[in-house]
Every structure is written in C-alpha cells, then in structure tokens.
K.L.:
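Starting off with a structure, shown below.
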Amino acid sequence: MDEKFLKPYDPQSTEPRIYSEWEKSGFFNPDTCVEGGHTAPDAAPYSIILPPPNVTGRLHMGHALMLAIEDTLIRYKRMQGLRTLWLPGTDHAAIATQSVVEKQIQKAEGKSRHDLGREELLKRIGEFAKESHDTIVNQVKTMGASLDWSREVFTLDEERSYAVRTMFKNMYEAGLIYRGHRIVNWDPKGQTTISDDEIVHEERKAKLYTFRYAKDFPIAISTTRPETKVGDTAVAVHPDDPRYKEYVGEEYSFTFCDVPVSVKIVADPEVDPAFGTGALGVTPAHSQTDWEIADRHDLPRPQVINEYAKMTVEGRLNNKKTTEARDMVVEWLAEEGLLEKEEEISQNISTAERTGGIIEPLPKLQWFIAVNKPFALRHSKIPGIQAGEDTSLRDIMHKAVSPEGITVMPEHAEKTYFHWVENLRDWCISRQIWYGHRIPVWYRGEEMYVGVEAPEGEGWEQDSDTLDTWFSSGLWTFSTMGWPKAWNDQTGEAEQGSDLAIWRPTDVLETGYDILFFWVARMILMTGFALGELPFKRVYLHGLVRDAQGRKMSKSLGNNMDPLEVTAKYGADAARMALIVGNTPGTDMRISEDKIKGYKHFANKLWNIARFIFENTEDADVAAPLTETDTALRAELDTLATEVTQDLEAYRIYLAAEKLYHYAWDRLAAELIEESKSIFQGTDEAAKASRKAVLLSILTDLLKLLHPFMPFVTEEIWKSIDPSTPLMVTRWPARIEG
RNA sequence: GGGCGACUAGCUCAGUUGGUUAGAGCGUUCGCUUCACACGCGAAAGGUCACAGGUUCGAAUCCUGUGUCGCCCACCA
C-alpha cells in the first residue's frame, strides 16, 4: 500500500497536481481520447458549451455550481465512451465590463470616457478583460473542470466578430433587422439605451398632481410628471366615458409655463376611466404608452427632454433638469390657480440595473430585431416549422420548446418561458457604448451600407453604436464551432468533419434560471434563424446560490463566498458535492461552510475506505471464486450502478450523488468493512480470498461511479489500482438501459 | 394587475411523478484515544409532511379551496 494513505487525505496538495496531469494527458480534448483509443472514432457525440463567464472580475459560487454540474455530466458521458466535448469561453459582457472599467478610471484618475476617447478606453478595457480572463480561467481549473482548452473562445475575438457581422447582415437582408424611431429606455446616467430586461422597478413615493392646462380647458388631467406636459399633443379619454364624449375631436391651444401647446381630444381604449380624472395627457415623446396612442391617432411627437434629462423647451424651463422643472411647473400651476389636487401615491419607477440611473423614455433612432415579422426558413429541423413556409422569430421561439424539441428542467420553467414569448416585443439591439461588437453599418450622406466588411470607397463612416451583448451570446452554440465558415447555407449542412458537423446541436444547455430570457431564448432565436435548427436538446436551469441565511450573495452585503477560498480550505471535491447533493433544478440553494465541511469529511472517508481495502488485499487474487454472500454484495453494487446511471441519464444529478454518498458511508464503510474484519481474522481461507476480491472489485467500480462528482480524490486513489490509465478515461461500470 | 413557485425534524433541504415504519447534512444529548478513518465510532431525542375538504384499497405525493412566504413579468398616466 502507498504510504500516502497513512495520512489524512490532503486536497490542497493533491488537486493542483492531478489537474496538471489531466491537462498533460490531453484527454479533455475528445480528439485525443479517440487517438488514445479511449473513445471509438464513431462513438456518439455529446456536447455542452460552457456559459461564458463575464470578464468582469472573478468567479462566484454560482459559477462553481455551474461548473460542478456540467463537469459531472461531461465526465460521466466521457466515461460512457461518448465523444464528449465541453467547450470553454468567456463573455465580453459589454455594458457590465465597460462600466466597471469606467468606474475604476473615474476613481483612480478622475477621467470620464469622453476624456479618454474611444480608442484609449477600448485599450484599457481590453487590458482589464485580459487580466480578468486569466483569473477566471485559473479559478475554473481549480474546480476541476475538464474543459477542452484547445477550443477556447471569446465573444469578442476575431472569429466571433465575423460571425456577428455575418448574422447582422443576414438578418438585415431577410428584413428582420430594421432601424427606427422608438421610445427606448434611456439611461441618462450611463448615457445608453438599455433593454426592457435590464430594467429594475423600484417602488417609491410620488406626488400625483391633478390640474388643467388652462383656465378655459374643459378637462382636468392627472400626472406625476408635470414637466413633461409641455410636450403634450393630446388628451386621451376612454371611448365610452360619458363625461368627455362631447369633447372628442376638439382641439385646444394655450401657453403652458411659457411653452405654446396644442392638444387634441382623442378617444382611446387604453385609457382607464377609473384612474385619476379618467383623462390622460398624452406625451408621445416621453412615454411608451403615449407613443403608441400617438401612433394610433397620428399625433405630433415633440421631444422636450434631452439625453441628459434636461428640458429643451424655450422659456423659464429651458435647460433645467427634469426634477427642477417639475417643481417649477407645479409652482406655476399653483400661481395660475390651475392646480386642483395634490396627493401622495406610491409608484414603481424604472431604474437601470447596471447604473441605478432613473430611466428616461426617449424617442431614438435604434436598431431592432422584428420578432413578429413573417419570413421563411430555407431549411428547418424545428418541430412544427416547415422550410419555405411563413414563420417568425417569435414562432420559432415558441415551437422550439416542446416534447419533440427542447425540454426544460424544471418543467414549470416552460410556462414562464411561454408567457415571456407571448408578450415579446421587438428587440432593441443597439447600445450607445463603445465596448462590444460595433454595428456593421456604414453611412455616407444619405447612403447606408450593411455588410460584413467596410464598403469600398471614401467617406464612409461606421455606426457609432455597438450591439447588445446578448446578440453575440445568442450565436454561442454555433459561432464557437466554426459558423459561418464551416456552414453551407445552400444545403443547410456543415463541412464534413468540422466541430459544427459533429457536435451540433449541443446536448444540454446548463445555466441559471435568471438568464432564461436574456440568453436561452436568444440562442433559440438566433440558431433558428441561422441554421433552421435547435441550439440544444435540453435546458437544465440551476437555482441561485444563496448564503446560509438565504440572502443573495453580494458585494455590498459582504456575504460573498469565494470559490477559491472554499476550495483552498475544503477542496474542490467537497465544494462540488456540497453544491450538487440535494440541489434540484430551478430551486435556489443555500450553501454554508458546514455543508462543505461535511463533504470534506466524506472525501477523507473514501480515502480511509481505500486504505483499509488496500491494506487487506495486497495478496488478493482478483479471480478468486466469490462466496454466495459476496456475489450478492457484488450484485448490490451493480444495482447501485444501474440506478445512478438512470439518475444521471434523467439529469437527476442531485439524487445520484446522494445515493453514492450513502452507499459508500453507510453500506460499504459501516457494514461491509466491519464484517470483513472478522472474516479476515477468521480461518476460512476461501471466504477471505472471496472477500478480498469483492472488496477490490467494489472499490474499483465505486471510484468510477464517484469520479464525475469528486474527480480529484477518486483519481488519486485510482493510482493504486491502475496507474497506467487515468480514471477519467476508464469505462463507466453500467450500461445505459433502454 | 398577470404569471410561476414554495410550505416536510431546531436549521438547510431530498423524497426518483400514488406503495412497508417519511430520509440526509448540520445542530443537540449521552457514551467511546475500539487494531481504515476523532475529517471518526456507537446510541438517542426530534415530524399531525401549512390548513380544510375531496379522489383512492392506499396520499407528503393527485384534485379543489384557504393561508403564509418568495420570485418573475407588466405597469395607471
């Protein structure tokens, strides 16, 4: 027996050594597994694309959970003999990364991005991203992730950028990308547009003012934003409201706080007759619903607020901030005797998730993806959609999720998904920031050019906006495998032998439920459009990792658990088990050091089980005939192996892990080993020989079964069983049934 | 306002789609330097499975309703 077993298991010294041995072996790469004879060249493929961590700093426990689940699946499938690819990458995370760097620069040098200029800022962000990337990769390796680093990609590298430009051009040519004026969510603090999904609603107290525009105006209206009323062009009432019926169609002109205003009375079913006075002052340029009313009634849409949330009208309000202007308008209303009522209400205001700035709805020229516009796919493997027939991006997203298409775990997340898809509006994809994929559109006077490369000729200027980061993330399952170069759009086939041909669609997309809409839905959309296919067969959504009190981990609370610290203290195996056992998809989990400590103890338990078995089987004959009892013990392990296999096939990873834990500790250690002691002290030589053989055989298979969950300790013990072949490429001890 | 979910031991959670006596980790109590392991061993206490009905031979599990908590989406000016 190796002397190392005389001391307790030490993950700190073992894990880094084992990981570098794995890396050296090259077996993270499926091609090497085939070359080494561990995987058949024609074996079925299995693939997962790593959800790329943002290059904004370091990993958190959520990443650790993701890595634990995915690595468990990957190692299991690799041992099943499949051609198993787990493809790593990182995400440039446009807004998040730029704002982190801008803050750093502001703090350290007191400079804004405008002081630095586009080129210098991008250089600084690039440096930061590189550093973050290196930190992150090291952290990922610490967790034991068996990713094929030879295929690593970045959402902003040259090939991905080419894919993004190609995709933009193709969608534009299909008429699905358009430029238009829309009310967008403008963040005056971050000076950019943000998508609906990046908004956080905060409940605040506000004052609701009821007033008339002028003395002779027949209808009183209510608003929380009196300063916007200088931009009103209509008053909308409900078509059936008897109080106002007689005024519908009338037009009035007056001077409102120094600004000449004309409003038309219109009837619109959107208006709630029970709210306030039942009459709505319509400010088309500064409210989403008002913009839509203006659409229906063909109203003018003057803009009265600019990008810095300042008033752009003449008179006393000129260049005042909106909050200041609000007070001035209220004061003016009171002076003029127009104010009728002032009441406290609570309302939800929209703020930008990243900057905390209050959203100012503004009409802007932006790029959009039309989700409802009919178009036809040239090829379709999406259930329920025929090539050549009318469909839409929303239709693709809707039909993709079905028992024949993509299945989602937990199942109830499908309902949430459909609810979201059904209420989907066009996706605004332009962002007014510098870090990201620049929109591949060039302008020269009235001319516009959309293309993968800059147009020939002088005087062309590229659109200054960049794309929403989810645009490039949406391509992730195929841009990482060589699309568009390895793809033939005419035949709808990938180049023979390319990654795209072998590992598409991917088997499972494993990620947090919080990015179901941001990312999962966008991948379905993009893949559907580009390939006429599904990006993956299954979605496995894990929950959020919370602290022991159930709070979200955050910097401000200081309750962040650093995966590096945890693995340093208890080992990656322990952290992985703690994250996996009992953690069902879609459910948030609480993690505490105590739980992790429990699995560190388990790793040591396993170590001592091995020690006992090795100590007592040095002269074992593995071919010794088994007693009846031992035959039953062997069969018991086979049953366990079958159950664990079924659980893993059904993605019940949390159950498989628990069963193995239970067997190892309560059955093997507590019962079988205890019984063995008396057998070994006895005189029945046949029973001794049998027991030695069966214990070795059980340990051999148990190590294999546990390896996907606790790769390090099992690999280290394995060296005493078969030093010639790493455990990670040995064959799984049970077949997939059915 | 719309949607989704949770409620099981002191705490954190499982319970593999209806089947003996409902499980685990941590915690608690008592006893152990027992020849694999004190990162351990042996024992013990602790649950009306939120509540009320219903279906069933049988319900923590299925149905209906109630309560409490949480999350997501939308947003009324």
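Owing to the predicted nature of the structure, the values given are computational and were not obtained by experimental measurement. Naming: A, B, ... by sequence-line order, numbering from 1 per chain.
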K.L.:
Could you please name the option among B:C39, B:A77, B:C72 that lies closest to any side-chain atom of A:Val271?
P.N.:
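Of B:C39, B:A77, B:C72, B:A77 is nearest to the side chain of A:Val271.
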K.L.:
Separation of A:Met710 atom CE from B:C39 atom C1', in whole Å?
P.N.:
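In whole Å, B:C39 C1' lies 12 Å from A:Met710 CE.
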K.L.:
Rounding to a whole Å, what distance do you find between A:Ile199:CD1 and B:A74:C1'?
P.N.:
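Distance check: A:Ile199 CD1 to B:A74 C1' gives 11 Å.
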K.L.:
Should the pair A:Trp607 and A:Tyr9 be assigned to parallel (<30°), tilted (30 to 60°) or perpendicular (>60°) ring geometry?
P.N.:
tilted
K.L.:
Does A:Phe602 reach a base, just sugar-phosphate, or nothing at all? Heavy atoms under 4.0 Å.
P.N.:
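Result for A:Phe602 = nothing.
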K.L.:
Suppose you measure atom C1' in B:G46 against the same atom in B:U28; what distance do you get, rounded to whole Å?
P.N.:
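About 9 Å, rounded to a whole number of Å.
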K.L.:
Under the side chain to side chain donor-acceptor pair (under 3.5 Å) test, which residues partner A:Glu636, sequence neighbours left out?
P.N.:
A:Arg667
K.L.:
Do NZ/NE/NH1/NH2 and the carboxylate oxygens of A:Glu292 and A:Arg182 come within less than 4.0 Å?
P.N.:
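Not counted as a salt bridge, because no side-chain N and carboxylate O are separated by less than 4.0 Å.
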K.L.:
I need the minimum non-hydrogen distance between A:Trp427 and A:Arg522, along with the two atoms involved.
P.N.:
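Answer, listing the atom of A:Trp427 first, then A:Arg522: CH2-CG, 3.2 Å.
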K.L.:
For A:Gln80 and A:Tyr76, which I'm curious about, is there any donor-acceptor pair between the side chains at under 3.5 Å?
P.N.:
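Yes, a side-chain donor-acceptor pair sits under 3.5 Å.
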K.L.:
Just by distance, with hydrogens left out, do A:Lys229 and A:Thr283 show a side-chain donor and acceptor under 3.5 Å apart?
P.N.:
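Yes.
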K.L.:
Send over the distance from A:Tyr417 OH to B:C71 C1', rounded to a whole Å.
P.N.:
20 Å
K.L.:
Minimum heavy-atom separation for A:Pro363 and A:Gln303, please, with both atom names.
P.N.:
CG-OE1, 3.9 Å
K.L.:
Starting from the 5' end of RNA chain B, give me the residue, A:Leu208 or A:Asn423, whose nearest nucleotide shows up first.
P.N.:
A:Asn423
K.L.:
So A:Asp295 and A:Arg301, salt bridge (Lys or Arg N to Asp or Glu O under 4.0 Å) or not? Walk me through it.
P.N.:
CA-CA 10 Å; A:Asp295 262 346; A:Arg301 312 160 189 222; 2.8 Å; yes
K.L.:
When you compare B:A9 with B:C26, how far apart are their C1' atoms, in angstrom units rounded to a whole number?
P.N.:
12 Å
K.L.:
Base, backbone or nothing for each nucleotide of nucleotides 14-36 of chain B, written B, S, -, heavy atoms under 4.0 angstrom, 5' to 3'?
P.N.:
SSBB-------SS---------B
K.L.:
Nearest-Å distance, CH2 (A:Trp665) to P (B:C39)?
P.N.:
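Atom-to-atom, A:Trp665 to B:C39, this comes out as 11 Å.
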K.L.:
When you compare the protein's N or O atoms with those of nucleotides 62-68 of chain B, which come within less than 3.5 Å of each other, and at what distance?
P.N.:
none

K.L.:
Quick one: list whatever passes ring pair (Phe, Tyr, Trp, His ring centres under 6.0 Å) with A:Phe602, sequence neighbours left out.
P.N.:
A:Tyr661
K.L.:
Can you classify the ring geometry of A:Tyr213 versus A:Phe254 as parallel (below 30°), tilted (30 to 60°) or perpendicular (above 60°)?
P.N.:
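Parallel.
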K.L.:
When you compare B:A6 with B:C63, how far apart are their P atoms, in angstrom units rounded to a whole number?
P.N.:
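About 11 Å, rounded to a whole number of Å.
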K.L.:
Could you tell me how far B:G42 sits from B:A59 if I compare only their P atoms? Round to whole Å.
P.N.:
35 Å
K.L.:
On a heavy-atom basis, which atom in A:Asp630 and which in A:Ala687 lie closest, and how many Å separate them?
P.N.:
OD2-O, 4.3 Å
K.L.:
On the 0 to 90° scale, with breaks at 30° and 60°, tag the A:Phe217-A:Tyr252 ring pair as parallel, tilted or perpendicular.
P.N.:
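The rings of A:Phe217 and A:Tyr252 stand perpendicular, inter-plane angle above 60°.
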K.L.:
If the cut-off is 4.0 Å, is A:Trp291 near the phosphate of B:A77, judged by side-chain N/O to OP1 or OP2?
P.N.:
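The answer is no; no side-chain N or O of A:Trp291 sits under 4.0 Å from OP1 or OP2.
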K.L.:
Give me the distance, rounded to whole Å, that separates B:U68 from B:A52 when you measure between the C1' atoms they each carry.
P.N.:
15 Å
K.L.:
What is the distance, rounded to the nearest whole Å, between atom OH of A:Tyr213 and atom P of B:A77?
P.N.:
15 Å
K.L.:
Hey, does the side chain of A:Arg590 come within less than 4.0 Å of B:C13's phosphate (OP1/OP2), counting only N and O?
P.N.:
yes
K.L.:
Taking for each residue the nucleotide of RNA chain B with the nearest heavy atom, is it A:Gly278 or A:Asn604 whose nucleotide lies nearer the 5' end?
P.N.:
A:Asn604
K.L.:
Stem ranges for RNA chain B, with three or more consecutive Watson-Crick or G-U pairs under 3.5 Å?
P.N.:
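If one scans RNA chain B for consecutive Watson-Crick or G-U pairs, the stems found are B:1-7 with B:67-73, B:10-13 with B:23-26, B:28-32 with B:40-44, B:50-54 with B:62-66.
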K.L.:
Rounded to whole angstrom, note down the C1' distance from B:G70 over to B:G58.
P.N.:
33 Å
K.L.:
Donor-acceptor pair, A:Arg394 side chain versus A:Glu422 backbone, under 3.5 Å?
P.N.:
yes
K.L.:
Could you check whether A:Ser287 gets within reach of a base, just the sugar-phosphate, or nothing at all, counting any heavy atom under 4.0 Å?
P.N.:
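Here A:Ser287 touches no strand at all.
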K.L.:
Between A:Glu615 and A:Arg611, is there a salt bridge with N-O shorter than 4.0 Å?
P.N.:
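Yes, charged N to carboxylate O under 4.0 Å.
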K.L.:
Could you go through nucleotides 3-10 of chain B and list every protein N or O atom that sits under 3.5 Å from one of its N or O atoms, giving the distance for each pair?
P.N.:
from	atom 1	to	atom 2	distance (Å)
B:C4	O2'	A:His412	ND1	3.3
B:G5	OP1	A:Lys415	NZ	3.3

K.L.:
Could you check whether atom CD of A:Glu411 has more than 12 heavy atoms from other residues, nucleotides or ligands sitting under 6.0 Å from it?
P.N.:
no
